[in-house]
Amino acid sequence: MSALETLAAVEGNVGTIGYGLAAIGPGIGIGIIFGNGVQAIARQPEAAGLIRQNMLLGFAVVEALALIGFVVPFILS
Amino acid sequence: MSSDQLLAFEVDCHLFKDCGFPAPSVWSFIFDPIFEVGGFEFNKPMLLAFIGTLGILAFFWAAFAKPKVVPGKLQMVAEALYDFVRRGIAREVIGKKGDAFIPLLVSLFFFVWMLNLWALIPIAQFPVSSVIAYPAGLALVVWVTYMTVTFKTNGFVGGIRNLCVPSGLPKPIYVMLTPIEFISNIFVRPFTLAIRLFANMFAGHILILIFTIATWYMLGTLLGTVYATASFVMTLAITVFEIFIQALQAYVFTVLTATYLSQALEEAH
């Protein structure tokens, strides 16, 4: 096997790499959502209920992407 | 792994014995039918969904069949749960106009929650909503409802405008925005609604399975038992996390339904 082929070879389930890539975006997104959410609650503790509701809603929407990335390798395998 | 093997415990395979980890996969979600009526297969998830429906009916029937002015214990719990959806979701998201949809939202919330809760109940221990057909069916109900409401409140032309043309933007943007809104509101919405619930429950069940199977797999040697203990603790931790996720997903499903309905109820200016 030449060096180039060895470098490009991937063993095992390629879906794991796919999941790793799919988790980058939602990871950043969830960080932003909860970071800003906590900041908002700290600035205005009276609005905590409303902020938490919207925070969880945004979290669920973003998290869906990561979960689709998790499920797709199973479906395609 | 074949689909007729349901549990890892059925193979006597342990760590350091040179046999691979029997990882859970799609086969963990396929059940043999319990019985069959004219080509219609009745399997475990359907049984669980059926019992769950009966359970919710029985609970609310027992609580509200003979309502009292001074509520008893059961009625108090049921009223608090009902009020959570009424005040926290319908009134908060839709407003006064949402009162007509409270029955739908309450049913959706408790049905989805019940389907998810089956993951915890001993012996059953399978989240019914991790079979795609159940979330897809629920998403279809939501889709039909908000499409009907859109066209009923706005008429045909107004309904199309409600779905595709958000108001109050500079004209050139509409060239780009209208197709995006059309695709997102009509096709992507029900798809993501179903996939979100399904994928959450699927991922959660797989996680619990991985650690449960790993606990059994690592038993056998002294070192293996230490690993198995850690894996068992992880099973408990993930189960607790799943309790939170189950309630959250039922909540999110209902809130998104309410959001779609509130947009459908908006009248064109």
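In what follows, every chain begins at residue 1, and chains take the letters A, B, ... in the order their sequences are listed.
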State whether the number of non-hydrogen atoms from other residues, nucleotides or ligands found under 6.0 Å of B:F84 atom CZ is greater than 12.
-> yes
Do you know which of B:V255, B:I206, B:V252, B:L256 has the most heavy-atom pairs under 4.5 Å to chain A?
-> B:I206
Would a 4.5 Å heavy-atom cut-off, applied to side chains only, mark A:L67 and B:M201 as touching?
-> no
May I ask you to check whether over 12 heavy atoms, not counting those of A:F59, lie within 6.0 Å of atom CZ?
-> yes
Taking every non-hydrogen atom, the tightest pair across A:I68 and B:A199 | N-CB, 4.5 Å
Check A:L50 against B:E92 and note the closest heavy-atom contact, atom names and distance.
-> CD1-OE2, 3.6 Å
Applying side chain to side chain contact (heavy atoms under 4.5 Å, CB included), run through B:V93 and A:Q53 and close with a yes or a no.
-> CA-CA 11 Å; B:V93 178; A:Q53 186 199 345; 4.3 Å; yes
Residues, nucleotides or ligands: over 12 heavy atoms within 6.0 Å of B:W118 CH2 | yes
Any idea which of B:N200, B:I245, B:I195 has the most non-hydrogen atom pairs under 4.5 angstrom with chain A?
-> B:N200
